[in-house]
There are 2 protein chains.
Amino acid sequence: MQRVFEALSSSIRRQILAYLSHAELTAGEIAARFSISKPAVSQHLSVLENAGLVASEKRGQYVHYRLVEDNLVNTLNGYLQDVCPVSRPLKSESASIAASAPRPPEDQPPAST
Amino acid sequence: MQRVFEALSSSIRRQILAYLSHAELTAGEIAARFSISKPAVSQHLSVLENAGLVASEKRGQYVHYRLVEDNLVNTLNGYLQDVCPVSRPLKSESASIAASAPRPPEDQPPAST
DNA sequence: CCTTTGATTAAGAAATAACTTAATTACCTA
DNA sequence: TAGGTAATTAAGTTATTTCTTAATCAAAGG
């Protein structure tokens, strides 16, 4: 989850995912769409792959990249459900937080006036 | 959108949103839940506020923070729709990308064998 | 009016992330 | 096997984040 959100924090990486949502592409085809160097794109691709957002397959000389939709959908939807639930069933992150929430040793803040 | 994803890339900031999904809290109450310094938390809060994910209101001495659900939901859902559409209506980011996509000056990669 | 409390701003140090060029690996083909 | 292309790894630099302490601002309250 940390890896997914970290991966999505880069505009270039989000663009790569958008490209791959239309078609499988080779590393070179992806790199050609950006003005940065090939190794830089390669590094972005490994961030995406480590986050489980893309998968690669070597075919001959070429490395083909494809989008892994499941992980993206599950992570973002899961987080949304967690933080903005429609009916509120306390899931993962906010649940553990709520459970362990230490009452702070602070003064009571005023109600509204 | 950049700001939203950038804000979500930090685990601490995601936790803050999770706290605020349960209740409105003052800056001090939020800071008390983390082991980092108060100014550090204050900076995280301004990242979240600049991204439009939280709103603050000063009441007396205290600054109360609350979650802004709309922006979170719209941004994440919008991006999901964009990259992982069920029916594929080409929206914002991937649409502009698809429109401007320069055919790379690459060799044709082999089909599969 | 002075002190305390909540919170943010300022300045600077330390850790991370991103990019570049050069080198390397792997595969293909004449 | 030599040469060329695709891609990644390595090494080093620059830029960006993130954190800390100290200082400042603002509201309460004796």
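Note that these values count all heavy atoms, side chains included, but never hydrogens, waters or copies made by symmetry. Sequence lines set the chain letters: A, B, ... in the order given, protein chains first and strands last, and positions in each chain run from 1.
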Between Y65(B) and dT8(C), is there a contact of a side-chain N or O with OP1 or OP2 at under 4.0 Å? yes
Counting only side-chain N and O atoms of T26(A), is one of them less than 4.0 Å from OP1 or OP2 of dA7(D)? yes
Residues that E57(B) engages under salt bridge (Lys or Arg N to Asp or Glu O under 4.0 Å), provided they are two or more places apart: R59(B)
Separation of H64(A) atom NE2 from dT8(D) atom P, in whole Å? 12 Å
Check whether any side-chain heavy atom of L20(A) lies under 4.5 Å from a side-chain heavy atom of V54(A), and answer yes or no. yes
NE2 of H44(A) versus C1' of dA7(D): gap in Å, rounded? 16 Å
How close or far is atom P of dA7(D) from atom CG of L48(A), stated in whole angstroms? 16 Å
Rounded to whole Å, how long is the line connecting atom CZ of R14(A) with atom P of dA18(C)? 12 Å
Rounded to the Å, how far apart are E57(A) CD and dA6(D) C1'? 16 Å
Can you check the E6(A) CD to dA18(C) P distance for me, whole Å? 8 Å
Using a heavy-atom cut-off of 4.0 Å across all strands, would you classify I12(B) as base, sugar-phosphate, or nothing? sugar-phosphate
Rounded to the Å, how far apart are Q2(B) CD and dT16(D) P? 13 Å
Kindly say whether E6(A) contributes a backbone atom to a donor-acceptor pair with the side chain of S9(A) at under 3.5 angstrom? yes
Indicate, with a heavy-atom threshold strictly under 4.0 Å, whether F34(A) touches base, sugar-phosphate, or nothing. nothing
B/S/- contact track for nucleotides 20-30 of chain D, protein heavy atom under 4.0 Å: BBB---SBS--
Between P on dG4(D) and OH on Y62(A), what's the gap in Å once rounded to a whole number? 16 Å
